[in-house]
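Lettering of chains follows the sequences in order, A, B, ..., and the numbering in each one begins at 1.
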Number of protein chains: 2
Amino acid sequence: MVGGHAGRGGLRERKKQRTREALSLAAIRLAVERGWAAVTVEDIAAAADVSVRTFRNYFSGKAEAVAARHLDRMRRIADELRVRPGDEPLWEALVSSVEAQFAPDEDLDAVPAPDPAQVDGVRVMLTEPALQGELARAHALAQDELAAAIAERTGTDPARDLYPALVAAAAGSAVAVAIEHCLRAEAPTPLGPVLRDALEQLRAGLPVP
Amino acid sequence: MVGGHAGRGGLRERKKQRTREALSLAAIRLAVERGWAAVTVEDIAAAADVSVRTFRNYFSGKAEAVAARHLDRMRRIADELRVRPGDEPLWEALVSSVEAQFAPDEDLDAVPAPDPAQVDGVRVMLTEPALQGELARAHALAQDELAAAIAERTGTDPARDLYPALVAAAAGSAVAVAIEHCLRAEAPTPLGPVLRDALEQLRAGLPVP
DNA sequence: ACAGAATATGCCGGATCGGCAATATTGCTG
DNA sequence: CAGCAATATTGCCGATCCGGCATATTCTGT
């Protein structure tokens with residue numbers, strides 16, 4: 001062993017992660033400011049200082065690169081749930097895990113500061129079919145991991161019980177509905193309260209309003 | 001006026017619909033029996049007796065063609081809900097509408113007879129990322145229409161209330177979870193009871209089992 | 001330090017994708 | 001019923017995507 005490195009995992013893995021993030025970020029930025037069709041894989045690769053071929057080692061296309069950020073964030077919900085105290089009721093732990101990922105800011109996954117021009121760019125970008133598909137897929141993938149974490153925590157069997165998959169799907173739906181709601185509103189709306197409301201309605205069995 | 005035609009809509013529209021169905025069906029059949037990568041757009045177009053260019057007027061790619069069948073079926077849930085008697089409680093009408101689309105047979109959307117070889121082909125096909133994305137997108141699109149139908153029926157405002165989108169998402173989740181469950185099981189499992197169970201759990205607020 | 005493994009890159013051929021213009025089919029109207 | 005307008009089908013083409021292969025470069029564990 002040469003010596004204790006900083007972050008966990010080797011230098012190799014960290015660099016890989018940084019490249020992945022740089023590519024995803026570049027893809028989002030370019031797509032938002034130039035429009036979806038006007039940005040090629042070559043542009044993204046150049047913006048992250050890697051070859052086009054390397055980009056394609058990380059992502060299968062523009063869409064996957066853009067969706068990666070959303071995917072990573074959704075994944076973190078499952079990670080967060082795993083490290084919660086085990087005696088906490090499931091739903092409570094789940095709500096905390098979800099809110100932890102959307103607490104500070106960022107209405108979708110691109111802009112740190114809710115600049116109206118950029119938000120509008122995101123709206124336009126989200127009309128692209130290829131991107132919608134990839135985002136929906138990312139959502140589904142993350143839900144599968146969340147379902148596994150829920151099954152693990154509750155001692156249910158994902159192969160026999162619908163329960164873990166259903167709870168994961170419910171949580172995912174709450175996030176999706178809340179994000180779309182806030183994104184559709186013209187006045188910038190904080191995500192947190194909307195998300196909490198959605199989760200609460202689901203837990204109450206969706207009573208008619 | 002020339003005369004009352006048979007089905008609603010002109011001959012033109014019906015022919016279009018038949019072409020669309022033929023293409024989607026051909027795409028599914030070829031992909032299941034040959035494997036995803038081994039079928040080109042040209043093959044599909046040839047199987048439906050249209051030019052490649054025409055195929056691309058209907059669908060943006062193989063994935064969309066295959067997903068079209070699922071999309072159409074999910075759309076019919078919303079259509080069914082609209083023609084239900086208005087005095088029926090929403091959830092009851094919704095459950096009926098969903099079950100009506102999955103009542104007779106077909107575990108996913110390809111095979112009329114649950115041939116084990118074909119079911120396995122479907123399983124393999126569903127591992128394809130591009131197809132997963134398109135299916136997820138179809139799911140999301142259908143949910144939007146369902147949400148509109150629910151809002152219409154309950155008098156809620158999709159722009160202000162989370163309710164319609166949440167209920168639509170819950171119904172969609174139940175369908176998705178039930179389908180995946182039945183597809184994962186090695187013994188052929190009828191979808192109906194599983195679907196009913198999933199919907200019931202959601203309505204009960206997902207109690208821990 | 002060295003052997004082995006994983007990654008980055010260039011190159012290439014097949015397939016995809018969408019715009020354009022010509023042609024054919026359908027629906028309407030006089 | 002005959003012509004006209006609208007829409008669908010088709011072929012063509014260049015840009016792009018996509019993944020396999022071979023090679024060079026960079027990290028890891030002993």
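- Of all nucleotides listed (dT9(D), dG18(C), dC17(D)), dT9(D) comes nearest to the side chain of Thr54(B).
- Between Arg53(B) and Lys16(B), the residue anchored nearer the 5' end of DNA chain D, judged by the nucleotide with its closest heavy atom, is Lys16(B).
- Put simply, the side chain of Thr189(A) gets close to the backbone of Ala187(A): a donor and an acceptor are under 3.5 Å apart.
- Within 3.5 Å, no donor on the side chain of Arg56(A) pairs with an acceptor on the base of dG20(D), nor the reverse.
- Here dG10(C) presents its P atom at 15 Å from CZ of Phe55(A), a figure rounded to the nearest Å.
- Closest to the side chain of Tyr58(B), from the set dT16(C), dA8(D), dA8(C), is dA8(D).
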Asn57(A) and Thr54(A): CA distance, side-chain angles, deciding distance, side-chain hydrogen bond (donor to acceptor under 3.5 Å, both in side chains) verdict: CA-CA 5 Å; Asn57(A) 287 344; Thr54(A) 296; 4.7 Å; no
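- Distances were taken from every side-chain heavy atom of Val50(B) (C-beta onward) to each of dT10(D), dA8(C), dT16(C); the shortest belongs to dT10(D).
- Between Glu13(A) atom CD and dT26(D) atom C1' the separation is 15 Å, expressed in whole Å.
- Taking side-chain N and O atoms only, Ser51(B) has a distance below 4.0 Å to OP1 or OP2 of dT10(D).
- Residue Thr40(A) places no side-chain N or O under 4.0 Å from the OP1 or OP2 atom of dT16(D).
- Looking at Arg69(B), its side chain never comes within 3.5 Å of a backbone N or O of Leu25(B) through a donor-acceptor pair.
- Two end axes, each from the C1' atoms of five base pairs, can be drawn for the helix from dA1(C)-dT30(D) to dG30(C)-dC1(D); they diverge by 40°, to 10 degrees.
- Side-chain atoms of Arg184(A) and Arg123(A), non-hydrogen and from C-beta on, never get closer than 4.5 Å to each other.
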